[in-house]
2 protein chains.
Amino acid sequence: MKHFSDLSPTAERIVDIAERLIQQRGFNGFSYEDIAGEIGIRKPSIHHHFASKESLALTVAQRYTDRLKQKLLAIEESQSSSPAQLAGYVELFDETYTEERRMCTFGMLGAECGTLSESIRFEIGRFFAVNLAWLAEVFGRGRIAGELSFSVSDKDQALIFLSALEGAMVVGKGMETASCPKQVGQAMIASLSAAASNAVASQPLTGSD
Amino acid sequence: MKHFSDLSPTAERIVDIAERLIQQRGFNGFSYEDIAGEIGIRKPSIHHHFASKESLALTVAQRYTDRLKQKLLAIEESQSSSPAQLAGYVELFDETYTEERRMCTFGMLGAECGTLSESIRFEIGRFFAVNLAWLAEVFGRGRIAGELSFSVSDKDQALIFLSALEGAMVVGKGMETASCPKQVGQAMIASLSAAASNAVASQPLTGSD
DNA sequence: GTCTATATAAAGATAGAC
DNA sequence: GTCTATCTTTATATAGAC
């Protein structure tokens, strides 16, 4: 298919359910039968829409990244300050987690990537790269504007931020906590902002490359 | 069994292999056949040592936490400063990741916990609790000694630190990066230490509870 | 697009011999 | 402790009718 708007209503339902199952149980933790049972049709009907489980997961993955990009643009348009943009970003993780304690689709797939095909591994790398590039930009702007202060490169700060949110979902699920990504995200933003108010010279030690 | 030293040589090999498979492929990503093939015995022989896959995973989990506790004690004994203790802690994650790009056993199980039994979920919660308690102590001592500076509670800082390292393994695997947990860990320690050198007043905003 | 029927393989597990 | 044989269930997938 060219794009996700080309998906038939049933295909879209399948993708919706598969996405949720990947987030809650992992790629190796659900089957076509689970999806069929939920929709009320039979397994072969799922195969009619997605010949293989891998192609289904690939569609889930591509749509997820596509939607993320849209949400990042929406954050940039609605929020002008860097701390507010970060808060919007944290909210994306929190919404996902709060909704039936789902993991980030790519947090789950990243953990499982030792069992996944090359085409899906490619999508995993692409998703994280999109996140890191966007975060590094936000951290760069925030640092220059004096809204955020940190002593590592923009790229390292982006990696810390993304990792902490992905990890917060894992730790939160493992500890059966209600709001882990939000707690971690807000604490990090508080740290970065508090440092900016105190800081005399908030130059990064290692540049912004 | 009372303790892990009671494991027969074959049982121990089984646990070793199961641990590695959980870390690399997840609980739902391997089978008794994988273990049997690697050891050179048959599936029923694995069942002789561990009647169910779940009981095997439980032993893997309990041994993993047991060993972690020992390693934390070793770090406390060999390192006196808080930044050095954190560096030792980061090294634990880095060693695991560097060894064939393994995940933390509980990072993987935490992500998959929607498919796991109550007894394993209990172990997941226990593991993270042990980590958070140890880290919060280290952060508290480091803050009081003026070696570390951060503007959230000791507990929140511990949660950020653990989450970031767990997440770094996920992101690192997903991006096929060589050294993600080390990079994230060292960057965080640098941040916390650099802040301590600059800080005028490094009181936590929200107390140390 | 959906169904029944079926193929094929793998999974977790047990019985009982050696 | 290990084996062969077997059970039972599930998974992914295909063929072909409606």
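Here is the naming used below: chain letters follow the sequence lines, and residue numbers restart at 1 for every chain.
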Which pairs pass salt bridge (charged side-chain N to carboxylate O under 4.0 Å, His left out) with one or both residues in residues 72-93 of chain A, sequence neighbours excluded? none
From [atom1] of [X] over to [atom2] of [N], roughly how many Å is that when rounded to an integer?
{"X": "A:I41", "N": "D:dC18", "atom1": "CD1", "atom2": "P", "result": "20 Å"}
{"X": "A:R13", "N": "C:dG1", "atom1": "CZ", "atom2": "P", "result": "14 Å"}
{"X": "B:I35", "N": "C:dA10", "atom1": "CD1", "atom2": "P", "result": "17 Å"}
{"X": "B:F50", "N": "C:dT14", "atom1": "CZ", "atom2": "P", "result": "15 Å"}
{"X": "A:R42", "N": "D:dA13", "atom1": "CZ", "atom2": "C1'", "result": "17 Å"}
{"X": "A:E12", "N": "C:dG1", "atom1": "CD", "atom2": "P", "result": "13 Å"}
{"X": "A:I46", "N": "C:dC3", "atom1": "CD1", "atom2": "P", "result": "9 Å"}

Determine which pairs satisfy ring pair (Phe, Tyr, Trp, His ring centres under 6.0 Å) with at least one residue from residues 6-26 of chain A, sequence neighbours left out, and list them in order. none
Below 3.5 Å, can you tabulate the donor-acceptor pairs from side chains in residues 158-175 of chain A to any protein atom, sequence neighbours excluded?
unit_1 : atom_1 : unit_2 : atom_2 : d
A:S163 : OG     : A:L159 : O      : 2.8
A:K173 : NZ     : A:Q24  : O      : 3.2

Distances under 3.5 Å between nitrogen or oxygen atoms of protein and nucleotides 5-12 of chain D:
unit_1 : atom_1 : unit_2 : atom_2 : d
D:dA11 : OP1    : A:S31  : OG     : 3.2
D:dA11 : OP2    : A:S31  : OG     : 3.3
D:dT12 : OP1    : A:K53  : NZ     : 2.7
D:dT12 : OP2    : A:Y32  : N      : 3.2
D:dT12 : O4     : A:K43  : NZ     : 3.4

Once side-chain contact (heavy atoms from CB on, under 4.5 Å) is applied, do any residues pair with A:A84, and if so which ones, sequence neighbours excluded? A:Q79, A:S81
Set of side-chain hydrogen bond (donor to acceptor under 3.5 Å, both in side chains) partners for B:T115, sequence neighbours left out: B:N28
Report yes if a side-chain nitrogen or oxygen of B:H48 is closer than 4.0 Å to either non-bridging phosphate oxygen (OP1 or OP2) of D:dG1; otherwise report no. yes
Side-chain N or O of B:S45 versus OP1/OP2 of D:dC3: is the shortest distance under 4.0 Å? yes
Between A:S117 and A:S119: side-chain donor-acceptor atoms closer than 3.5 Å: yes
